[in-house]
Amino acid sequence: MKIYTKKQKKIAEKISSDAVISNWKNWKWQIKHSIRDISAFESLLAIELNSDKRKELEETLAKFPLSITPYYLSLIDSIDYMNDPIFKQSFPSPSELIISKHDMKDPLSEDKDSPTPGITHRYPDRVLFHISNVCSMYCRHCTRKRKVGDVDSIPEKEEVIKGIEYIKSNSDVRDVLLSGGDPFMLPDEYLDWILTELGNIPHVEVIRIGTRMPVVLPYRITDELVEVLKKHHPLWINTHFNHPREITASSKNALRKLADAGIPLGNQTVLLAGVNDCHRIMKKLIHKLVQNRVRPYYLYQCDLSEGLTHFRTPIGKGIEIMENLIGHTSGFAIPTYVIDAPGGGGKIPIMPNYLISWSTNKVILRNYEGVITTYKEPDSYEPIFCNRNCDDCHLQLKLDEAEEYRSVGIAKLLCDFDKTRSLVPENTERLDRRNE
Ligand SMILES: *Cc1c(COP(=O)(O)O)cnc(C)c1O
């Protein structure tokens with residue numbers, strides 16, 4: 001496929017009289033000419049929606065606005081657009097107004113787990129840092145739909161400085177995940193400044209950026225941007241491809257530039273009804289990703305955010321997809337299927353069961369073909385009592401590298417040195433009776 005297709009040329013000419021390839025590939029031109037209303041959408045794709053449908057859509061847009069880059073729009077099949085995965089991810093649906101009683105504005109409690117605006121500190125050693133609340137396109141399945149188009153929530157520089165201060169003063173944080181919105185909506189110099197500030201914090205070991213630019217606006221990955229990013233290794237990038245059709249000549253080019261700059265690339269896919277809820281689509285997607293040096297990282301169960309009911313599948317669909325991947329294709333191409341726990345519990349991995357049974361010295365397992373097999377455990381294995389004093393241990397970890405000294409959660413129940421026997425929920429009826 002060519003970098004600039006005939007269809008893209010046609011769309012560019014309709015958008016503006018300055019339609020030339022160099023403008024089309026200019027990310028700022030793309031953002032300036034983003035499609036923000038239904039009439040423009042119809043005219044550019046030469047489609048016509050009936051008037052009842054339009055009225056419903058206007059109501060949806062009043063709540064959840066529309067924005068789509070000319071590039072991403074150009075990928076929509078204008079004949080069979082109703083079934084088009086790119087159309088479904090970018091064009092509003094009246095179903096977005098259906099709110100089920102389990103839906104929440106902020107299902108992951110990102111705002112509650114926020115010690116300072118912009119930071120979500122959920123896990124012991126890493127934080128999510130929202131540095132931008134704008135995107136080049138509004139994904140209809142956005143989990144942060146509550147913030148889309150909310151101009152008041154664009155973080156000011158002072159807010160970002162406070163976030164950096166928070167990270168500076170928390171020496172447990174070794175991994176910072178820049179997210180948004182899309183961090184690549186920010187100017188290169190500003191990103192350079194944030195990355196420099198974070199890089200100067202001695203306990204920050206890695207920085208990650210979550211961006212959908214390679215998918216929806218690949219021209220944002222300019223040589224200048226890549227030069228900036230290269231200065232800040234170790235830097236990891238996660239992007240967000242959901243369907244093999246999104247992997248185009250232009251997006252491949254963007255991925256190539258990032259990979260050539262030595263940036264490890266990952267991908268987070270959301271399982272979406274009518275878009276990619278099929279193991280053949282998913283397999284095609286992950287194969288195309290690894291061909292472009294992108295490691296599939298997570299497959300997300302769709303969150304319980306308001307306005308996403310029509311995108312959700314049963315968990316069984318995700319497990320079925322995983323069953324069709326594990327063993328059937330390269331291990332490194334397989335993402336981890338996760339549910340981000342409502343209420344802020346973090347990501348919980350799920351997959352089919354492979355462990356069938358267990359005795360004192362044998363484990364019964366099944367493989368992807370249905371072969372049932374046994375693994376004989378060692379007759380002698382001397383468990384070493386671990387008191388977290390690495391000086392006493394022969395595994396050769398120097399003490400100054402063994403900084404974490406406490407156990408958390410289930411790991412705490414497993415460890416030797418902590419006396420905790422059980423994790424008990426607060427306010428059980430039984431415990432309330434004891435207190436009476
Ligand atoms: C997903 C997420 C992370 C990173 O989790 P990993 O499993 O390390 O990728 C960190 N903080 C928050 C709040 C998250 O949602």
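Each ligand, and each atom within it, is numbered from 1 in the order the structure gives.
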*Side chains of Ile237 and Thr211: does their closest heavy-atom pair fall under 4.5 Å?*
yes
*asked:* Taking OH in Tyr381 as the centre, count heavy atoms belonging to other residues, nucleotides or ligands within less than 6.0 Å. Is the count above 12?
replied: no
*Taking atom CH2 of Trp193 as the centre, does the number of heavy atoms from other residues, nucleotides or ligands within less than 6.0 Å exceed 12?*
yes
*Would you call the rings of His240 and His141 parallel, tilted or perpendicular, where under 30° means parallel and over 60° means perpendicular?*
perpendicular
*Indicate the ring-plane relationship of Phe87 and Phe91, choosing parallel, tilted or perpendicular according to the 30° and 60° boundaries.*
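Phe87 vs Phe91 ring planes: parallel.
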*Could you walk me through whether Asp77 and Arg245 pass the salt bridge (charged side-chain N to carboxylate O under 4.0 Å, His left out) check?*
CA-CA 10 Å; Asp77 174 355; Arg245 283 249 323 273; 5.6 Å; no
*Around ligand 1, what residues show up once you keep those with a heavy atom under 4.0 Å from it?*
Thr120, Arg122, Tyr123, Arg126, Leu128, Leu177, Arg208, Tyr297, Tyr298, Lys347
